[in-house]
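This report concerns only the one structure given below.
Just so it is clear, the structure is predicted and the values come from calculations on it, not from any experiment.
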Amino acid sequence: MPVTMAAALRGSLVTLVKGLSSPRWQQLASRQLSVSATLCSPEAPPARADATFRVTMVPGDGVGPELMTAVKEVFKAGDVPVEFEEFHLSEVQNMASEEKLDQVLTSMKTNKVAMKGKIHTPMEFKGELASYEMRLRRKLDLFANVVHVNSLPGYSTRHNNLDLVIIREQTEGEYSSLEHESVTGVIECLKIITREKSRRIAKFAFDYATKKGRNKVTAVHKANIMKLADGLFLQSCAEIAQLYPKIQYENIIIDNCCMQLVQNPYQFDVLVMPNLYGNIIDNLAAGLVGGAGVVPGESYSAEYAVFETGARHPFAQAVGRNIANPTAMLLSASNMLRHLNLEYHSNMVSDAVKRVIKQGKVRTGDLGGYATSDEFTQAVIANLAV
């Protein structure tokens with residue numbers, strides 16, 4: 001037998017004998033004490049990721065690329081373990097094609113998580129009714145859009161301490177892209193509502209309320225006019241509500257909902273609604289807490305998650321002027337990190353953003369300040385380690 005192998009065997013035998021010389025309970029007790037000391041020690045560093053996460057990034061149009069730059073700068077300064085795969089997809093900048101759409105879809109399907117700016121949809125009809133934005137949602141089946149409308153500490157509005165959630169079905173409804181001219185001067189636009197997708201979004205809303213410890217779900221509709229389409233949506237919500245007896249269920253007509261949100265938004269907790277109503281309510285509710293620049297949003301399918309701003313505006317008039325508010329996109333990025341189980345980094349980013357706004361010294365023009373986008377981003381970076 002070679003000398004080295006014999007030496008190795010002797011070393012293993014010595015280790016085994018030493019292990020047997022102390023009782024098993026002493027070995028276990030010692031190991032438990034070591035783990036506890038590591039967890040409880042105030043000197044122990046915060047938990048950090050063991051690997052880098054790959055995330056698809058689509059900056060979109062308008063100020064989207066500038067907001068994504070803010071995200072990348074904050075992530076770099078905070079040593080966030082995320083690597084972005086960036087794709088530029090735009091219908092208004094002639095950067096959209098089937099090939100690029102397929103590249104984005106392939107990346108999203110591989111990474112499962114994405115950050116996206118608003119892909120602006122031109123109003124001119126150029127032979128294709130479905131926008132690239134809609135096609136992305138359908139191909140990934142991003143059926144649930146979630147917008148958490150939450151007042152920012154230190155920024156006062158007409159209604160303070162707001163905390164409500166808007167859940168929108170976004171794969172059918174009025175956005176089905178089914179339009180045609182039946183006779184000259186007469187356009188028919190079809191609104192599609194299905195039982196399957198209505199029940200799916202209703203279940204998502206009740207599951208969300210259960211998981212987040214919320215007490216009430218309100219279905220928003222116009223079933224008094226669209227008796228069959230919105231009637232089916234309302235019926236589906238009521239059926240699902242019966243499965244969640246601990247969650248209070250109500251319904252409200254869309255026009256009354258808009259008025260009630262302005263007068264007394266505190267009566268709402270979780271709202272669920274079809275596509276177009278969700279788009280309207282998202283923007284209305286964002287205005288209650290500071291505007292499109294401060295509300296984050298996210299879209300989910302069974303497999304994928306896409307993080308974006310809650311009120312989807314390209315803000316084209318601000319391009320290149322360094323005045324856009326990065327808050328909404330940074331909070332969306334924080335939510336993305338939480339989705340990736342990077343809790344430490346998520347809290348680091350969101351706490352820094354909220355700290356800057358609460359201090360009130362650095363605010364962009366939409367919040368009544370004079371700071372540029374870059375100055376706000378640098379203030380957030382300066383508050384990462386506070």
Side-chain angles (χ1 to χ4, degrees), residues 49 51-60 64 67-68 71-72 75 80-90 96 98-119 121 130-148 165-173 175-177 194 196-208 211-212 272 274-275 278-279 282 295-310 312 328-343 345-346:
T52 300
F53 293 85
R54 296 180 70 85
V55 173
T56 304
M57 175 179 279
V58 183
L67 300 180
M68 292 302 185
V71 171
K72 288 185 284 188
F75 276 26
V80 178
V82 167
E83 180 182 333
F84 290 112
E85 289 184 359
E86 194 165 337
F87 297 88
H88 292 277
L89 186 66
S90 170
E98 292 299 323
E99 181 181 359
K100 285 197 172 184
L101 180 62
D102 288 341
Q103 290 174 354
V104 172
L105 287 169
T106 299
S107 175
M108 286 183 171
K109 289 178 179 178
T110 301
N111 298 328
K112 309 292 186 184
V113 179
M115 285 202 68
K116 185 178 72 62
K118 169 64 178 173
I119 302 174
T121 304
S131 66
Y132 278 81
E133 185 98 55
M134 279 301 306
R135 292 164 71 184
L136 270 176
R137 293 179 206 163
R138 289 178 189 166
K139 288 181 180 293
L140 296 174
D141 195 27
L142 296 168
F143 69 93
N145 177 243
V146 180
V147 175
H148 187 186
V165 177
I166 301 162
I167 297 178
R168 164 191 178 191
E169 205 295 323
Q170 59 175 8
T171 59
E172 57 177 16
Y175 290 51
S176 300
S177 304
T194 63
E196 177 187 355
K197 293 188 175 182
S198 296
R199 288 175 63 91
R200 180 172 67 169
I201 195 66
K203 187 177 187 305
F204 182 95
F206 278 94
D207 284 342
Y208 183 96
K211 182 179 179 181
K212 301 294 183 179
V272 60
N275 212 332
N279 196 359
D282 282 348
V295 179
E298 54 233 53
S299 296
Y300 295 101
S301 72
E303 295 183 74
Y304 313 112
V306 176
F307 296 83
E308 54 197 335
T309 56
R312 297 163 178 163
M329 195 64 81
L330 287 172
L331 293 178
S332 295
S334 171
N335 291 340
M336 179 196 72
L337 295 176
R338 185 169 291 108
H339 177 78
L340 294 172
N341 290 321
L342 296 172
E343 197 74 25
H345 297 89
S346 172

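- The shortest heavy-atom contact between His88 and Pro59 is CE1-CG, 3.7 Å.
- At least one donor-acceptor pair closer than 3.5 Å links the side chain of Ser346 to the backbone N or O of Ser334.
- Side-chain contact between Val71 and Leu330 is present, with at least one heavy-atom pair separated by less than 4.5 Å.
- The structure places CD of Glu308 at 6.0 Å from CG of Asn145, a figure rounded to the nearest 0.5 Å.
- Within 6.0 Å of the NZ atom in Lys203, the count of heavy atoms belonging to other residues, nucleotides or ligands does not exceed 12.
- If you take CE on Met108 and NZ on Lys116, they are separated by 7.0 Å, rounding to the nearest 0.5 Å.
- Between Asp141 and Tyr304, every side-chain heavy-atom pair lies at or beyond the 4.5 Å cut-off.
- The shortest side-chain heavy-atom distance between Glu86 and Lys72 falls under the 4.5 Å cut-off.
- Listed for the Arg200 side chain is no donor-acceptor partner under 3.5 Å among the backbone atoms of Ala144.
- Checked by atom type and distance alone, the side chain of Thr106 pairs as donor or acceptor with a backbone atom of Asp102 at under 3.5 Å.
- The pair Glu133-Lys118 meets the salt-bridge criterion, since a charged nitrogen lies less than 4.0 angstrom from a carboxylate oxygen.
- Remark: Met134 CE to Thr171 OG1 distance equals 7.0 Å, nearest 0.5 Å.
- To the nearest 0.5 Å, atoms CG (Leu89) and CD1 (Ile119) are separated by 4.5 Å.
- Of all the heavy atoms in Ser332 and Gly297, the pair that sits closest is OG-N, 3.5 Å.
- No salt bridge links Arg338 with Glu298; every basic N to acidic carboxylate O contact stays at or beyond 4.0 Å.
- The two residues Met115 and Val55 come nearest to each other via the heavy atoms N-CG1, 4.0 Å.
- Checking Glu169, Arg137, Arg168, Gln170 one by one against Asn275, the side-chain hydrogen bond (donor to acceptor under 3.5 Å, both in side chains) holds for a single residue, Arg168.
- When all heavy atoms of Leu105 and Leu136 are compared, the closest pair comes out as CD2-CD2, 3.6 Å.
- Classified by interplanar angle (parallel below 30°, tilted 30° to 60°, perpendicular above 60°), the ring pair Phe84/Phe75 is parallel.
- At a threshold of 4.5 Å between non-hydrogen side-chain atoms, the residues Arg135 and Glu98 count as touching.
- To the nearest 0.5 Å, atoms NE2 (His345) and CZ (Phe53) are separated by 10.0 Å.
- Heavy-atom minimum distance, Pro81 versus Ala51: CB-O, 3.6 Å.
- When atom types are taken as modelled, the side chain of Thr56 and the backbone of Ala114 share no donor-acceptor pair closer than 3.5 angstrom.
- Between Ser301 atom OG and Lys112 atom NZ the span is 8.5 Å, to the nearest 0.5 Å.
- Using a 4.5 Å heavy-atom cutoff, the side chains of Lys109 and Leu140 are in contact.
- Within the 4.5 Å cutoff, the side chain of Val146 has heavy atoms near those of the Tyr208 side chain.
- Checking side-chain atoms of Arg54 against main-chain N and O of Glu83 turns up no donor-acceptor pair under 3.5 Å.
- In this structure, Ile167 and Ala205 approach most closely via the heavy-atom pair CD1-CA, 3.7 Å.
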